[in-house]
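The block underneath contains the structure these notes are about, expressed in structure tokens.
In this chain, residues are counted from 1 in sequence order. All of these numbers come straight from a predicted model, not from anything done at the bench.
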Amino acid sequence: MIKFSHINQRNQPKMVNVGDKKVTNRAATAKATMFLGSEIITHFDNNELITKKGPVFQTAIIAGIQAVKKTSELIPMCHPLLINGVDIDIEILDNEQIEILCTVSIEGKTGVEMEALTGATIAALTVYDMCKSISQKMVIKEVKLVKKSGGKNDIKNE
């Protein structure tokens, strides 16, 4: 039988105790791929689109950073973390799609995968919100962990 770290002996939810873990350098990168469509992409100039709500990518990056900092408030079993850094990059891939990369780093006892995934997701949702007046055919196609380092093991899913 698989034992889950977030379930106690009485089969009730618990938050994992990380008190005995060593502090290590940890980082995680998540990627969100999003279909915007050519109707929206053609409005971009120099990798930015200014809408009535403001600059799309700049606003999405700020929203993603805010989301990283609030991850423990959104996901019940995530520990509050002192984040060292967040870097969000948004790139137009072709005439229909964008890619959002969110990298989070800390020196801590637990990883930052959920923070990176949350940052990428909220950045994508913000792009949707900023562009929905142009088209509502946008699709957040995929959000995934690309890599993580530190802790028990390193992961690469590129």
Side-chain angles (χ1 to χ4, degrees), residues 4-6 13 15-16 18 25-151 153-158:
F4 291 99
S5 62
H6 290 78
M15 190 169 190
V16 172
V18 296
N25 290 321
R26 297 165 184 262
T29 300
K31 174 171 70 172
T33 307
M34 190 171 177
F35 170 84
L36 295 186
S38 58
E39 185 178 0
I40 292 173
I41 295 285
T42 57
H43 287 83
F44 278 81
D45 184 27
N46 292 327
N47 268 355
E48 186 57 278
L49 168 62
I50 309 296
T51 67
K52 291 177 185 177
K53 292 184 175 186
V56 174
F57 286 178
Q58 289 180 18
T59 304
I61 289 167
I62 292 167
I65 291 168
Q66 287 179 312
V68 166
K69 297 189 299 183
K70 295 203 172 274
T71 299
S72 68
E73 295 175 33
L74 301 169
I75 302 174
M77 302 306 172
C78 286
H79 291 80
L81 302 175
L82 293 173
I83 304 294
N84 285 353
V86 180
D87 186 20
I88 298 177
D89 183 50
I90 305 175
E91 182 179 336
I92 298 173
L93 296 178
D94 55 35
N95 65 346
E96 294 186 329
Q97 298 183 92
I98 65 168
E99 178 179 88
I100 301 166
L101 287 173
C102 177
T103 301
V104 182
S105 60
I106 65 164
E107 291 173 21
K109 295 183 175 195
T110 187
V112 287
E113 300 96 296
M114 296 310 300
E115 286 74 11
L117 288 161
T118 301
T121 301
I122 296 301
L125 287 169
T126 302
V127 170
Y128 190 102
D129 180 54
M130 300 287 289
C131 294
K132 69 185 178 195
S133 65
I134 300 169
S135 171
Q136 292 183 339
K137 295 179 181 175
M138 294 171 283
V139 177
I140 299 170
K141 295 172 31 176
E142 178 181 51
V143 178
K144 71 178 189 176
L145 180 67
V146 176
K147 61 184 172 184
K148 129 187 168 39
S149 62
N153 51 31
D154 293 347
I155 296 172
K156 267 198 169 178
N157 294 325
E158 292 186 70

Looking at every heavy atom in both [X] and [Y], which two are closest together, and how far apart are they?
| X | Y | value |
| --- | --- | --- |
| Tyr128 | Gln136 | OH-O, 3.5 Å |
| Leu82 | Ile106 | O-CG2, 3.5 Å |
| Ile50 | Glu48 | CD1-CG, 4.0 Å |
| Glu39 | His43 | O-ND1, 2.7 Å |
| Gly119 | Ile88 | O-CD1, 4.4 Å |
| Lys109 | Val18 | CD-O, 3.2 Å |

Any donor-acceptor pair under 3.5 Å from Arg26 side chain to Gly108 backbone: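 Confirmed, Arg26 side chain pairs with Gly108 backbone.
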Side-chain donor/acceptor of Lys148 to backbone N/O of Gly111, under 3.5 Å: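 Between the backbone of Gly111 and the side chain of Lys148 there is no qualifying donor-acceptor contact (under 3.5 Å).
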Return the [atom1] to [atom2] distance between [X] and [Y], rounded to the nearest 0.5 Å.
| X | Y | atom1 | atom2 | result |
| --- | --- | --- | --- | --- |
| Ile40 | Asn95 | CD1 | CG | 12.5 Å |
| Met15 | His6 | CE | NE2 | 7.0 Å |
| Ile61 | Ile100 | CD1 | CD1 | 9.0 Å |
| Ser5 | Met77 | OG | CE | 9.5 Å |
| Ile62 | Thr126 | CD1 | OG1 | 10.0 Å |

CA sep, side-chain torsions, deciding dist, call: Ile90, Val56, side-chain contact (heavy atoms from CB on, under 4.5 Å): CA-CA 10 Å; Ile90 305 175; Val56 174; over 6 Å; no
Side chain to side chain contact (heavy atoms under 4.5 Å, CB included) partner of Leu36, chosen from Leu93, Ile92, Ile41: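 Result: among Leu93, Ile92, Ile41, Ile41 is the only option passing the side chain to side chain contact (heavy atoms under 4.5 Å, CB included) with Leu36.
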Residues forming a side-chain hydrogen bond (donor to acceptor under 3.5 Å, both in side chains) with Glu142, sequence neighbours excluded: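 Expected list: none.
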Step-by-step side-chain contact (heavy atoms from CB on, under 4.5 Å) determination, Met138 to Cys131: CA-CA 9 Å; Met138 294 171 283; Cys131 294; 3.7 Å; yes
Pairs touching residues 55-80 that satisfy side chain to side chain donor-acceptor pair (under 3.5 Å), sequence neighbours left out: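 Every pair satisfying side chain to side chain donor-acceptor pair (under 3.5 Å) with a residue in residues 55-80: there are none.
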Side-chain heavy atoms of Val127 within contact of Met130, under 4.5 Å: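 When only atoms from C-beta onward are counted, Met130 and Val127 do not touch, as no gap falls below 4.5 Å.
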Min side-chain heavy-atom separation Asp154-Lys156 under 4.5 Å: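 No. Closest side-chain heavy atoms not under 4.5 Å.
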For Phe44, ring pair (Phe, Tyr, Trp, His ring centres under 6.0 Å) partners two or more places apart: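 Partners of Phe44 under the ring pair (Phe, Tyr, Trp, His ring centres under 6.0 Å) test: Phe57.
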Worked check of side-chain contact (heavy atoms from CB on, under 4.5 Å) between Val86 and Cys102: CA-CA 7 Å; Val86 180; Cys102 177; 4.3 Å; yes
Leu125 vs Ile122, side-chain contact (heavy atoms from CB on, under 4.5 Å): CA-CA, chis, key distance, verdict: CA-CA 5 Å; Leu125 287 169; Ile122 296 301; 3.9 Å; yes
